[in-house]
Amino acid sequence: MYNEKVLQAFAHPKNVGVIENPDGEGVVGNPTCGDIMKITLRINNDIITDAKFQTFGCTAAIATSSTATEMIKGKTLEEALKITNAQVVEELEGLPPQKLHCSVLAEEAIKKAIEDYYSKKA
Amino acid sequence: MKVYLDHCSTTPCDNVVVDKMIPYFTQEFGNADSLHGFGRETAKAVAEARSTIAQLLNCQPNEVYFTASGTEADNWALKGSALSRKDTRKKVVISAIEHHAILNSAEWLEHNGFEVARCPVTSNGIVDLDALEKIVDDNTSVVSVMYVNNEVGTIQPVQSIAEIAHKHGALFHTDCVQAVPYLKVDVKELGADMVSISGHKFYGPKGVGALFIRNGVRIDKLVHGGGQERSRRGGTTNTPAVVGMAEALKLNASEMEENNKHIKLLRDTFRDRVLNEIPYVHFNGDMEQCVPSVANFSFEYVEGEGILMMMDLKGIAVSSGSACSSGSLDPSHVLLAMGVPIELAHGSIRFSFGKHNTMEEVEYAVQSLKQILATLREMSPLFKLREGEIHNV
Ligand code: FES
């Protein structure tokens with residue numbers, strides 16, 4: 001049911017871990033299945049220079065976490081905020097329909113981490 | 001290395017079984033109902049298969065009805081008996097850990113005006129007989145409880161359940177699909193009025209099953225059609241499949257003792273090593289009252305589907321009770337009925353061994369599992385929390 005790209009992202013996930021003393025941190029739970037994702041960011045001059053994730057979740061959740069963190073690295077906060085779960089799914093060349101909800105985790109965790117950064121700055 | 005540890009899902013068809021089946025696709029292809037010679041030849045083979053199966057189940061050949069699957073046999077047994085007695089009895093009793101074939105048939109009956117009671121199980125996954133005593137009453141048309149559970153491998157006290165059902169004049173059906181490879185299924189000893197079996201669970205072909213219906217038991221038919229199966233189940237007999245199933249059942253009976261010994265050694269080794277060498281793991285089921293093939297575990301801080309997919313990447317086939325792998329969002333109803341917390345049910349994996357597995361494969365599976373859990377836990381925010389806590393103490 002998973003395509004090759006998803007399986008590869010899952011088998012060799014990038015950016016696993018936590019950034020110590022992060023500039024932004026977001027933890028979200030998936031209400032549909034109880035899965036959890038944590039994203040930590042390093043931010044310099046409004047640019048995301050590093051991103052790491054930890055995920056308690058299925059294959060799709062791990063694959064989208066890896067891909068989403070790859071996608072936001074090097075982006076400005078404004079650009080990162082515009083990334084949607086649909087784009088992450090597209091990058092992975094699709095997920096099975098019953099697995100689409102898993103991709104929402106990454107988008108929300110990124111948004112939360114950026115919000116966290118703004119609120120810390122404020 | 002390719003390792004198949006999912007024998008509860010299906011088994012490879014034995015070569016001798018396939019050899020037996022082949023002629024019935026090409027040469028002896030007649031319709032068993034035809035009057036001409038082609039048909040008569042086939043009919044003979046079908047009759048032989050039926051009597052082989054009857055002998056092994058300890059019943060009469062005319063009590064064996066072929067179906068297209070174990071699922072069909074289950075559907076027929078439950079719906080057929082509920083419908084046939086609907087004027088006098090409106091209640092159906094099943095256990096909370098039945099296969100979906102029974103579970104969803106019961107749900108269908110519920111939508112159609114029947115009352116359905118689901119008997120609870122103990123935390124080890126065994127039907128609670130005291131609770132069952134209270135649930136079954138004179139309004140109950142049929143009680144259906146599996147002999148062996150397909151997720152945790154527990155053996156159910158079917159003889160006692162049969163007694164409870166019969167005391168109230170209810171019929172007793174037992175799904176023996178998972179039991180056949182490991183236990184003697186003698187319908188008289190079990191005290192069953194109906195028994196379901198499925199060919200591909202015991203190294204036979206897929207697409208064929210059978211329902212034993214004790215002579216004198218009247219149940220409504222579900223598949224209307226021609227006069228096949230003594231006019232109780234329409235559809236041209238799948239000759240190669242029934243011949244194959246009979247052959248597989250015969251082989252199974254002759255090999256059972258030896259196979260059980262071999263499989264148990266592998267399973268026990270695997271089970272003990274997992275419990276000793278991997279932290280934060282829970283065994284699901286009953287250590288004693290279970291078939292020799294199954295080991296079901298919950299691994300804390302990880303999700304079952306992730307483990308399954310990583311095992312698959314290493315060539316090892318297993319099965320998960322996690323919702324994530326099933327498409328539905330609820331984790332295994334069996335584990336939940338046993339009182340396993342949702343997070344643990346999500347992190348559950350079923351390993352089921354078979355006669356072709358080897359000790360070398362067990363070793364590879366243990367090593368792979370250890371690595372995979374380390375990787376996935378490294379990735380899990382929950383595990384990090386736990387480790388942090390321990391650190392802080
Ligand atoms: S994140 Fe829970 S099922 Fe995928």
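Quick caveat: nothing in here was measured; it's all calculated off a predicted structure. All heavy atoms count here, side chains included; hydrogens, waters and symmetry mates do not. Residue numbers begin at 1 in each chain, while the letters A, B, ... track the order of the sequences.
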Enquirer: When you look at CD1 of B:I342, are more than 12 heavy atoms from neighbouring residues, nucleotides or ligands closer to it than 6.0 Å?
Expert: no
Enquirer: Can you confirm whether more than 12 heavy atoms, excluding those of A:K14, are under 6.0 Å from its NZ atom?
Expert: no
Enquirer: Could you look at A:P97 and say if it's the side chain, the backbone, both or neither that has a heavy atom under 4.5 Å from chain B?
Expert: neither
Enquirer: Report the C-alpha distance between A:I62 and B:L376 in whole Å, list the side-chain angles of each, state the deciding distance to 0.1 Å, and finish with yes or no for side-chain contact (heavy atoms from CB on, under 4.5 Å).
Expert: CA-CA 10 Å; A:I62 290 170; B:L376 287 174; 3.8 Å; yes
Enquirer: If we check side chain to side chain contact (heavy atoms under 4.5 Å, CB included) with B:L382, which of these qualifies: A:D35, A:T55, A:I36?
Expert: A:I36
Enquirer: State, to 0.1 Å, how close B:Y301 and A:F56 come at their nearest heavy-atom pair, and which atoms those are.
Expert: O-CD1, 3.2 Å
Enquirer: Report the distance from atom CE of B:M379 to atom NZ of A:K38, rounding to the nearest 0.5 Å.
Expert: 15.5 Å
Enquirer: What do you reckon, is CG of A:N45 surrounded by more than 12 foreign heavy atoms closer than 6.0 Å?
Expert: no
Enquirer: Apply side-chain contact (heavy atoms from CB on, under 4.5 Å) to the pair A:F10 and B:L313, showing each step before the final yes or no.
Expert: CA-CA 10 Å; A:F10 165 73; B:L313 290 167; 4.0 Å; yes
Enquirer: Can you give me the closest heavy-atom contact between A:A60 and B:E305, atom names plus distance?
Expert: N-OE1, 4.4 Å
Enquirer: How far apart are the closest heavy atoms of B:M309 and A:L7, and which atoms are they?
Expert: CE-CD2, 3.2 Å
